[in-house]
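So the structure is just underneath, and the comments pick up after that.
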Protein chains: 2
Amino acid sequence: MKLKVKIIPIKLEHSSIIMNPDDAAELGLIVGDRLKVTYGRRYCIADVQIATGLIEKGELGVCTTVGPCEVELPEGAEVEVTPVAKPSSVDYIRKKLEGEKLSKEELYAIIRDIVVNMLNEVELSAFVMANYLRDVDLDEVEWMTRAMIDTGETLTFEKGIVVDKHSVGGVPGDKTSLLVVPIIAAGGLLIPKTASRAITSASGTADTMEVLANVSLSVDEIKEITERVGGVIAWGGATNIAPADDKIIRVEYPLAIIPKPHLLSSVMAKKGALGAKHVVIDIPVGEGSRIATSEDGRGLANDFSELGRRLGLNVSCVLTYGSQPVGRAIGPALEAREALSALESAKGPKTLIEKSIGIAGVLFEMAGKATRGADYARQILESGKALEKFREIIEAQGGNPDVKSDDIAVGDRTYTVTSNIDGAISRLDNVMIKKVARAAGAPKDKGAGIMLHKKGGQHVKVGDPLFTIYAEKEWKLDRAVELAMREPPVVVSGMILERWPSYKII
Amino acid sequence: MKLKVKIIPIKLEHSSIIMNPDDAAELGLIVGDRLKVTYGRRYCIADVQIATGLIEKGELGVCTTVGPCEVELPEGAEVEVTPVAKPSSVDYIRKKLEGEKLSKEELYAIIRDIVVNMLNEVELSAFVMANYLRDVDLDEVEWMTRAMIDTGETLTFEKGIVVDKHSVGGVPGDKTSLLVVPIIAAGGLLIPKTASRAITSASGTADTMEVLANVSLSVDEIKEITERVGGVIAWGGATNIAPADDKIIRVEYPLAIIPKPHLLSSVMAKKGALGAKHVVIDIPVGEGSRIATSEDGRGLANDFSELGRRLGLNVSCVLTYGSQPVGRAIGPALEAREALSALESAKGPKTLIEKSIGIAGVLFEMAGKATRGADYARQILESGKALEKFREIIEAQGGNPDVKSDDIAVGDRTYTVTSNIDGAISRLDNVMIKKVARAAGAPKDKGAGIMLHKKGGQHVKVGDPLFTIYAEKEWKLDRAVELAMREPPVVVSGMILERWPSYKII
């Protein structure tokens with residue numbers, strides 16, 4: 001069937017070709033079928049959407065992004081459309097749904113089709129669900145990881161020992177990487193750290209670093225800066241490293257699930273693609289973090305180590321305390337300020353310093369730099385070398401190397417919540433802390449977030465400040481305060497253990 | 001946040017509200033989040049899509065269909081938008097993903113949200129996958145079925161005995177309902193038969209009946225005609241009976257899976273909603289039909305019977321021969337012609353006559369109309385009463401009651417495939433028969449399809465016609481012939497069992 005291209009000036013994340021219902025019926029197509037669109041001697045394959053209104057009979061609506069299209073389709077062009085069968089990756093997804101083990105070739109086909117947007121949302125969801133509900137063994141995870149690496153950009157370093165760290169996430173306020181990277185680089189190792197932006201959290205490492213420097217670096221820039229300065233903190237989304245990963249995460253988000261095979265392959269693909277030899281995986285454990293119990297954490301650690309061995313990476317895992325935020329600051333600017341301040345003074349907050357030194361120490365030991373890695377890391381931090389290195393990294397990434405922690409602007413609309421009883425902090429609710437910080441505007445409003453004045457176990461008296469909400473806009477502050485009032489992120493208990501809400505909004 | 005409505009003149013099946021990326025980030029929204037749109041004193045809740053291009057900052061793109069919207073949003077209207085949490089039905093879907101049993105209230109919440117388009121494709125897929133991969137017990141199936149019935153239109157008849165039949169499908173050419181309905185109605189029972197259109201088959205019962213009469217009837221019309229004439233064959237999709245069902249099927253289609261809990265609830269909800277007391281479920285069994293083995297068929301039959309008992313329906317199941325088409329005609333007009341001819345002559349084809357009489361007979365016995373139901377049904381068919389009744393039904397549905405089978409127009413482009421060896425028909429491939437008939441234009445082109453000249457086991461000589469492809473358009477005939485040449489729907493074997501393709505395209 002011949003149709004005339006009509007450009008639809010709209011760019012959706014998932015886009016497709018839109019047909020008039022009559023033309024679709026003529027070809028026996030229904031929504032979710034695939035169409036081959038041939039223009040001249042080139043063609044592309046796209047998902048069929050059917051719509052009335054905009055698209056007349058004889059027209060083919062083409063959105064700005066059409067997926068795996070190798071051909072530019074100009075307005076008014078006459079194209080030939082023919083239905084095509086589903087790609088065989090859909091059969092493999094069905095096979096996994098039936099509980100069968102997939103082969104290396106089958107997993108590569110699935111990952112390749114994910115990368116070129118060949119699979120629609122239902123098919124992608126089915127793949128995620130199959131990984132979540134069916135047994136996936138380490139062979140399959142290994143193949144999936146290799147496929148993710150091979151379908152994206154990779155990096156190799158000619159000299160130097162390349163190390164990396166990664167957190168499986170879930171803990172608010174975790175700005176550890178902003179300390180670990182300069183400590184490691186100052187200690188003579190290379191660390192090309194890529195990080196993500198927040199999806200459901202208040203600030204991803206990339207969001208936090210962006211307060212101080214540019215994080216949208218290409219793979220070439222990551223390599224150049226790492227070789228020159230020793231380290232980098234870049235946003236992984238700006239590169240084409242393991243591109244399947246982001247597309248899978250997008251489908252996982254609506255259901256807030258991450259199948260373990262994907263957690264493993266996601267982390268290891270990113271590390272493998274960057275050429276790291278020694279990797280520390282941080283697994284925060286505890287209520288409100290992603291991994292609830294130490295037992296689960298150890299199981300995951302075993303799998304990470306074995307997967308690393310198969311991929312030729314030396315992997316150590318650390319289970320860390322994840323029941324409350326790392327440090328006291330949550331939100332991009334507040335976290336950047338806290339991290340920089342910790343590098344400046346090498347003093348508090350204790351949770352941040354200890355976690356950073358601990359992780360850097362393990363990396364130093366793995367790379368043979370020190371037998372007592374944590375001591376070596378602490379020495380680098382306390383000597384001011386880590387601060388100096390951090391300034392170099394900021395400068396290399398186009399930021400102001402002379403920035404002081406006090407210079408960092410945070411939101412000027414604030415609201416402090418105080419305790420209305422004498423007691424102790426019985427709980428910091430990670431999930432509510434994230435939600436309140438997001439309601440206040442984080443991560444989009446860099447200055448928005450939360451400063452905790454008390455942490456778990458500390459005693460408080462009536463009227464003591466518990467936490468302060470920061471915002472850049474009044475209406476977002478109101479929204480955050482309202483939420484914090486309804487569901488308290490910081491819970492104080494006296495001898496009476498249940499009283500809710502346990503603090504007064506002043 | 002206040003935004004100005006911009007109407008997008010496009011009507012997609014799944015539609016949503018489209019925001020500019022800046023506005024979405026300002027509210028901390030990502031694709032798949034939900035937004036409450038308030039206009040005056042009314043509001044609606046919709047899925048967020050994010051797009052550049054068409055939508056400027058400060059604008060809210062509104063597609064023609066916005067899901068559960070109780071408010072008309074005119075172009076240029078100023079609306080207030082606020083993010084809202086996911087509905088609790090998403091939590092229940094996650095709970096089912098975890099393998100837990102859902103309560104009645106939870107299943108009602110899910111089905112209700114499906115009906116009002118509150119769940120996006122990923123969430124709906126997750127529900128389908130959970131039903132496919134997790135154990136779902138009969139309590140849950142019962143509640144799901146009741147929820148499907150209660151969220152749509154229902155029908156009650158004041159007098160008369162209401163019966164119904166339903167096939168779980170999968171066999172091409174199954175026009176049994178066109179015989180069963182008039183036989184039953186002529187026998188003094190009421191049968192308000194709703195049927196579906198083809199999704200992947202060459203013709204649904206609704207498509208076939210549409211050759212003879214209007215099938216888009218409202219629930220009131222179904223009731224009126226059934227009470228007046230005794231029976232009706234209507235398209236279920238034109239009614240609002242069990243509307244959740246269609247929405248679930250749309251997600252199942254891309255993966256070609258139907259979870260058993262949904263197969264059960266889908267059929268029983270439709271029958272329950274129409275007030276049937278006695279129901280026969282036809283379960284075709286065999287290679288190329290939906291149920292592969294008799295053992296699976298019996299398991300399904302048990303579940304149908306038990307589910308019927310719980311819902312107060314008297315259910316009998318029949319396992320039927322499903323390895324080859326029923327009768328010889330596949331495609332709307334060809335099937336309508338074959339069915340009408342069978343009513344006219346009460347002769348062949350044998351498979352169609354015997355299956356129809358068998359099912360009608362079981363219904364007569366269940367309703368206490370006859371002790372030897374099949375004999376009673378045959379008598380009605382052979383006496384011409386069924387034909388007379390079918391004419392009344394056609395007339396009541398706005399068709400021409402005087403139509404003869406010879407009057408029915410079929411496609412005038414034909415191509416006959418003959419055998420190139422002496423041998424016997426070793427296989428009729430249901431899947432390929434459907435595909436070739438669809439390639440020829442069925443069900444959209446009513447006259448397109450296939451006539452089989454030989455069926456399984458029959459002997460053929462070189463040059464004997466095997467089947468004829470009918471089409472209305474030359475290019476579709478070419479496409480169908482090409483497909484049939486590549487993957488033969490009718491396989492002839494001599495003493496040499498493997499030779500492929502086993503016939504010559506002349």
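Within every chain, numbering begins at 1; the chains are lettered A, B, ... in the order of the sequence lines, protein sequences first and strands thereafter.
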- Task: Please report the C-alpha distance between A/V128 and A/H262 in whole Å, then the side-chain angles of each, then the deciding distance to 0.1 Å, and finally whether the side-chain contact (heavy atoms from CB on, under 4.5 Å) criterion is met.
- Result: CA-CA 8 Å; A/V128 170; A/H262 181 231; over 6 Å; no

- Message: I'd like to know which of B/R134, B/E123, B/K444, B/K86 tops the heavy-atom pair count under 4.5 Å against chain A.
- Response: B/K444

- Task: Please flag which part of B/P83 lies under 4.5 Å from any non-hydrogen atom of chain A: side chain, backbone, both or neither.
- Result: side chain

- Query: So which of B/V90, B/I199, B/L97, B/T82 has the biggest tally of heavy-atom pairs under 4.5 Å with chain A?
  - Reply: B/L97

- Which heavy atom in A/K96 sits nearest to a heavy atom in A/K101, and how many Å separate them? NZ-CA, 4.0 Å

- Work out which heavy atom in A/D207 is nearest to a heavy atom in A/S203; give both atom names and the distance. CB-OG, 3.4 Å

- Task: Give the minimum heavy-atom separation between A/V84 and A/K36, together with the two atoms involved.
- Result: CG1-CB, 3.6 Å

- Grab the two heavy atoms, one from A/Y470 and one from A/G411, that are nearest each other, plus how far apart they are. CD2-O, 3.3 Å

- When only heavy atoms count and the cut-off is under 4.5 Å, which of residues 19-29 of chain A reach chain B? A/D22, A/A25, A/E26, A/L27, A/G28

- Of A/I93, A/D91, A/T200, A/D33, the largest count of non-hydrogen pairs under 4.5 angstrom with chain B goes to A/D33

- Item | Partner residues of B/K434 under the side-chain contact (heavy atoms from CB on, under 4.5 Å) criterion, sequence neighbours left out | B/P172, B/S201

- Task: With rounding to the nearest 0.5 Å, note down the distance linking NZ in B/K473 to CG in B/L477.
- Result: 13.0 Å

- State whether a side-chain donor-acceptor pair under 3.5 Å links B/E100 with B/Y92. no

